[in-house]
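This report concerns only the one structure given below.
Bear in mind the structure is a predicted one, so any value in this text is a computation, not a measurement. Reminder, nothing fancy here: chain letters follow the sequence lines and each chain counts from 1.
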2 protein chains.
Amino acid sequence: MIHQRECPVETLIHVLGGKWKPMILWQLIESNKRFNDLEKLIPDVSQKMLSQHLRDLEREGIVDRTIYPTIPPKVEYSLSEYGKTLIPVAEVMCAWGENHNKRKYKESAS
Amino acid sequence: MIHQRECPVETLIHVLGGKWKPMILWQLIESNKRFNDLEKLIPDVSQKMLSQHLRDLEREGIVDRTIYPTIPPKVEYSLSEYGKTLIPVAEVMCAWGENHNKRKYKESAS
DNA sequence: CAGCATCCACTAGGATACTG
DNA sequence: CAGTATCCTAGTGGATGCTG
C-alpha cells in the first residue's frame with residue numbers, strides 16, 4: 001500500500017520543499033508572527049519568496065493568515081491545527097538530517 | 001536545539017528531493033535492482049535522470065552499486081545498511097502525504 | 001546492458017522598484 | 001506595514017543520439 005507509484009512522499013516534499021519553508025515552519029511553531037517579524041528572523045529571505053511561500057503554506061492549509069484592518073495594516077501568520085500535524089513529521093526528518101550532516105562531516109574529516 | 005536556522009530538514013529534502021528519488025527508494029527497499037529493471041519499473045524516468053539520481057544516492061551513502069564485470073555488463077543497485085535508516089523516515093513522510101492528498105481531494109469535492 | 005554527452009524548456013529563486 | 005510587479009539567472013529535468 002505504501003510502495004505504490006506516485007508516492008505521497010513527493011507530496012510532503014512539495015509542501016515543505018521551498019527553500020525557506022522549513023524555517024518558516026519552525027518560526028511559526030514557536031509563536032505567531034507578522035510578515036515583518038519573519039523577514040527579520042530569516043534575514044536572507046526575499047520579500048517575494050517569503051510572500052510566495054506563505055501563500056503556498058496557506059493554500060495547503062498549514063498556515064492561517066489573520067488580517068487586522070488597521071492603519072498601518074497588521075497581518076498575523078500562525079500554524080493551523082492541521083499544520084501542527086506536520087510537527088512530528090518535521091522532527092523525524094530533522095533528526096535524520098542532523099545525523100546525516102554529522103556523518104558527512106566525519107567522512108570528510110577522515 | 002531543533003528549531004535552529006539551517007534546519008536539517010533541508011538536508012533530508014535535498015537527499016530525497018529529486019523527482020524520481022522516492023520511487024527509486026521504494027523499488028530498492030523491495031529488492032536489489034539492475035539499471036534496466038529500474039527503467040522498466042519507473043516507466044517515465046529518462047536514462048539521464050535515473051543515472052544522475054542513482055549517483056546522487058550513491059554519493060550520500062544511501063545506495064550501493066555493485067558491478068559484475070561480465071559481458072554484457074551487469075550492475076546491481078541495492079539499499080545500503082545506512083540507507084535502511086531512511087525507511088522509517090520515508091514511511092512517516094508517506095503517511096502524512098497520503099493523508100494530505102485525501103484531505104485535498106475531499107475539499108475539492110465539497 | 002548500462003550508461004554519457006549534448007542541447008533545450010521550464011521553474012525556482014534573487015534583485016530591484018513600486019503601492020494601498 | 002505588508003505586500004505586488006518586473007526582470008534576470010542558475011539549476012532541474014526532458015529528448016535525442018552515441019559508446020564500451
Side-chain angles (χ1 to χ4, degrees), chain A residues 5-7 9-25 27-28 31-60 62-79, chain B residues 5-7 9-25 27-28 31-60 62-79:
Chain A
R5 305 242 294 274
E6 293 290 339
C7 181
V9 168
E10 295 172 30
T11 304
L12 176 52
I13 289 179
H14 181 250
V15 168
L16 276 188
K19 180 162 177 187
W20 308 98
K21 284 179 189 174
M23 216 108 87
I24 293 172
L25 181 67
Q27 294 300 338
L28 294 183
S31 68
N32 298 358
K33 296 274 177 348
R34 300 174 61 175
F35 191 90
N36 209 6
D37 297 333
L38 290 169
E39 264 193 287
K40 286 173 199 156
L41 289 163
I42 313 174
D44 290 343
V45 73
S46 65
Q47 285 187 320
K48 175 189 165 186
M49 290 317 298
L50 183 54
S51 170
Q52 190 174 302
H53 284 165
L54 283 167
R55 236 145 298 279
D56 290 346
L57 293 168
E58 197 190 348
R59 192 175 338 104
E60 302 293 343
I62 312 293
V63 158
D64 286 334
R65 183 163 177 265
T66 313
I67 306 176
Y68 301 93
T70 57
I71 298 193
K74 170 173 170 175
V75 178
E76 195 168 75
Y77 293 94
S78 57
L79 205 58
Chain B
R5 306 241 293 274
E6 293 291 340
C7 181
V9 169
E10 296 170 29
T11 303
L12 176 52
I13 290 178
H14 181 251
V15 169
L16 277 187
K19 181 164 178 186
W20 309 97
K21 283 180 189 174
M23 215 106 89
I24 293 172
L25 182 66
Q27 295 299 339
L28 293 183
S31 67
N32 298 358
K33 297 272 174 355
R34 299 175 60 174
F35 191 90
N36 209 6
D37 296 333
L38 290 169
E39 263 194 288
K40 285 173 199 156
L41 289 163
I42 313 175
D44 289 343
V45 74
S46 64
Q47 284 185 321
K48 175 190 165 187
M49 291 317 298
L50 183 54
S51 169
Q52 190 174 301
H53 283 166
L54 283 168
R55 236 143 300 278
D56 290 346
L57 293 168
E58 197 191 349
R59 191 174 338 107
E60 301 293 343
I62 312 295
V63 160
D64 287 333
R65 184 163 178 264
T66 311
I67 306 176
Y68 300 93
T70 58
I71 297 194
K74 170 174 170 176
V75 178
E76 194 168 76
Y77 293 93
S78 58
L79 205 57

B:Trp20 or B:Gln47: which one's nearest nucleotide on DNA chain D is closer to the 5' end? B:Trp20
[X] [atom1] to [N] [atom2]: how many Å, rounded?
X: B:Lys19; N: C:dC10; atom1: NZ; atom2: P; result: 13 Å
X: B:Gln52; N: D:dG11; atom1: CD; atom2: P; result: 13 Å
X: A:Leu50; N: C:dG13; atom1: CG; atom2: P; result: 13 Å
X: A:Leu54; N: D:dA2; atom1: CG; atom2: P; result: 11 Å
X: B:Asp56; N: C:dG3; atom1: CG; atom2: P; result: 14 Å
X: B:Asp37; N: C:dA2; atom1: CG; atom2: C1'; result: 12 Å
X: A:Met49; N: D:dT6; atom1: CE; atom2: C1'; result: 15 Å
X: B:Asn36; N: C:dG3; atom1: CG; atom2: C1'; result: 11 Å

For the side chain of [X], starting at C-beta, report the closest nucleotide among [options].
X: B:Ser51; options: C:dG20, C:dG14, C:dC4; value: C:dC4
X: B:Arg55; options: C:dC4, C:dG13, C:dC1; value: C:dC4
X: B:Pro72; options: C:dG13, C:dA2, C:dC1; value: C:dC1

Could you tell me whether B:Tyr77 contacts a base, only the sugar-phosphate backbone, or nothing, with contacts defined as non-hydrogen atoms closer than 4.0 Å?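 The residue B:Tyr77 makes sugar-phosphate contact but no base contact.
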Please check this pair: side chain of A:Lys33 against backbone of A:Gln27, looking for a donor-acceptor N/O pair closer than 3.5 Å. yes
A:Gln47 side chain reached by A:Glu39 side chain, heavy atoms, under 4.5 Å: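 A side-chain contact exists here, since the closest heavy-atom pair is under 4.5 Å.
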Output yes when B:Arg59 and B:Asp56 qualify as a salt bridge under the 4.0 Å nitrogen-oxygen rule, no when they do not. yes
Examine C:dA12: is either OP1 or OP2 under 4.0 Å from a nitrogen or oxygen in the side chain of A:His53? Give yes or no.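 It does not, given that no N or O in the side chain of A:His53 lies less than 4.0 Å from OP1 or OP2 of C:dA12.
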Would you tell me if any nitrogen or oxygen in the side chain of B:Arg34 comes within less than 4.0 Å of OP1 or OP2 on C:dC1? no
Between CG on residue B:Asn32 and CD on residue B:Glu76, distance to nearest 0.5 Å: 4.5 Å
Rounded to the nearest 0.5 Å, how far apart are CD of A:Glu60 and CG of A:Leu16?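 Here the rounded value is 10.0 Å.
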Please confirm whether any donor atom in the side chain of B:Lys48 sits under 3.5 Å from an acceptor in the base of C:dG3, or the reverse.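 Under the 3.5 Å cut-off, the side chain and the base do not form any donor-acceptor pair.
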